[in-house]
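A note on names: the letters A, B, ... follow the listed sequences, proteins ahead of strands, and every chain is numbered from 1.
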Amino acid sequence: MNYDQIMQLALERGFYFPSCEIYADAQAGFWEYGPSGVSFKNKFVELWRREFVRRDRMMEIDGSQIMSQSVFVASGHLAGFADPIVVCEKCKSIFRIDKLITEITSILVPESADLSEFDKIISEKNIMCPKCKGKFNKAHKFNMMFKVGIGPEEETAYLRPETCQSIFVDFPRLFKTMRGKLPVGIAQIGKSFRNEISPRQSLLRLREFYQAEIEVFCNPNKLNNLEKFFEVENTEIRIMVDNTIKIITCKEASDSGILPNKLVAYYLGLLTEFYQKTGIDIKRSRFRKLGDKEKAFYASVAFDFEVETTTGWLELVACNYRSDYDLKSHTNTSKEKFEVLDEDVKVLPHVFELSMGIDRSLYTILEHNLREDKENDRVVLSLKPYLAPVHVGVLSLVKKDGLAEKTEEIFSKIKRDYDAFLDHSGAIGRRYRRLDEVGAPLAITVDHQTLQDDTVTIRMRDSMSQERIKISEIDSYLASNIAYP
RNA sequence: GCGGAGUUAGUCCAGCCCGGCACGACGUCAGCUUCCCAAGCUGAAGGCCGCGGGUUCAAAUCCCGCACUCCGCACCA
């Protein structure tokens, strides 16, 4: 199904919708999750926790969204997370000046160059506005971080542009108090904020968005010395080599040098196994090694995990080898010590990160799982049962003859343990169709036979088939059918 | 931010040229019917026609500004 159809589902069924939509001054790039969206997101997050935090014995933290200025001085975001721009004095058009200079003069200027450097080239080469031939004002930087003023003095702080900075900042305490041992992953889920010039496409480019980030702290001398590597050595990953997607095992990838080392191969393996369990079509995914110009300013090697959607290839996870960039710069700025002991040798850990976009991942799962079943005239969201916003519908075949009461009795028994949805109203087929659209994998229906022998029918979303089970078996039936893998 | 196209009920949309009580479908709710897959019948709710201003006796409709959405450019998880 395409973007528009997902959008319609999202609006109609309470997955997500624009923030502040009743007011005209609502800003672009902010969206809310509705009831279905939250339930779905929570389950996705739980799967992430199972497949990374618990599986790899990571530490999970929950840091502040507002962080002090020094953090971003150290991280480089204050200087580096900004685009150099110029404004045309006549027509007010805005240009990325480094790109414009390259376009017009073929001179390559790094975007991190001094602002005066840009001004110099503009005047020397007599660069004018390509739209109206007007003059440019002085180059300045547009920083993508949201600035906030703290307290009555309005002390400068920022909304974090990535969640991982708290992980770096907290690392010394965490490593000491939690008895850390390299390599160790520290994970965090939370919101990040970027003042995008042009947010677009609902969940795909937001100004306020969820990230699930994992920072793996490791000894740079032991990147190929990883006991747990055997867990994924035969896991197949899909990686772009010379513009074609090659399917190879993690072991082959690291042995052949396609991936730099076992540590990176291990985590790309975990990531692949995770996304297989989310129900996205893994055959439409790939890891792509980024060129030097595409990489973030802190990355020395970077692989994007990308998935094909109807909007094109979409980056879901950035896998960056950040080396000692962050710990070194926080050491210099804070004077805190970040070295740790690894088998009695003092080492400044390197960092490999998996930076996952949750909102984008949720969109992709929806798109890859929503299908039109023309034969039965219905739209079905075939989510994995453990990710479904509603686990089970609880329906009375008809309302009268005491069936409604019996249905409510069953509903009360399971509502604390499962996301169950009670529904008496309208034709039974209509109610099944509604459940299909929110992805509920199962429906329990109470009919006249229930009153005689205490059995109910269970209706399966994907096959539409039914079976009859005892009321006393409902709990174990649900438990085994919606369990995480 | 630029260029293009749009914005009318939960959703999809007609009406706009040519100003005069806002149309329809789907969905929702209640009742009847039905007794396992969007059936039928009856009834109901739901709209400051994106926001603000202007023209006019009168604006969804004409004019101006802004916001938002979508598509392209650029940027990004």
Check if the side chain of [X] and the base of [N] share a donor-acceptor pair of N or O atoms closer than 3.5 Å.
{"X": "A/D447", "N": "B/C36", "value": "yes"}
{"X": "A/R360", "N": "B/C76", "value": "yes"}
{"X": "A/Q466", "N": "B/C36", "value": "yes"}

Please say which of A/Q165, A/Q65, A/K147, A/M67 ends up in a side chain to side chain contact (heavy atoms under 4.5 Å, CB included) with A/Y158.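 That would be A/K147.
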
Anything under 30° is parallel, anything over 60° is perpendicular, the rest tilted; go ahead and classify A/Y16 against A/W31.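 The arrangement is perpendicular - the two ring planes meet at more than 60°.
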
At under 4.0 Å, does any side-chain N or O of [X] touch on OP1 or OP2 of [N]?
{"X": "A/Q8", "N": "B/C12", "answer": "no"}
{"X": "A/Y23", "N": "B/A67", "answer": "no"}
{"X": "A/K399", "N": "B/G31", "answer": "yes"}

Considering every strand and a 4.0 Å limit on heavy-atom distances, what is the contact class for [X]: base, sugar-phosphate, or nothing?
{"X": "A/Y210", "value": "nothing"}
{"X": "A/G14", "value": "nothing"}
{"X": "A/S361", "value": "nothing"}
{"X": "A/E21", "value": "nothing"}
{"X": "A/L316", "value": "sugar-phosphate"}

What's the closest nucleotide to the side chain of A/Q201 if the choices are B/A38, B/C71, B/U11?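 The closest nucleotide is B/C71.
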
Mind calculating the distance between CD (A/E437) and C1' (B/C37) to the nearest angstrom?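 That distance rounds to 14 Å.
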
Strand-adjacent residues in residues 419-433 of chain A, judged by heavy atoms under 4.0 Å from RNA chain B: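 Of all residues in residues 419-433 of chain A, the ones placing a heavy atom under 4.0 Å from RNA chain B are A/S425, A/A427, A/I428, A/G429, A/R430, A/Y432, A/R433.
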
Given Watson-Crick or G-U pairs with both distances under 3.5 Å, what dot-bracket string fits RNA chain B, with | for other-strand pairs and [ ] for crossing? (((((((..(((.......[...))).(((((.......))))).....(((((..]....))))))))))))....

Partner set under ring-ring contact (aromatic ring centres under 6.0 Å, His included) for A/Y266, not counting sequence neighbours: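 With neighbours one apart ignored, the set is empty.
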
Got a salt bridge between A/R461 and A/D373, using NZ or NE/NH1/NH2 to carboxylate O under 4.0 Å?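 Answer for the salt bridge query: no.
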
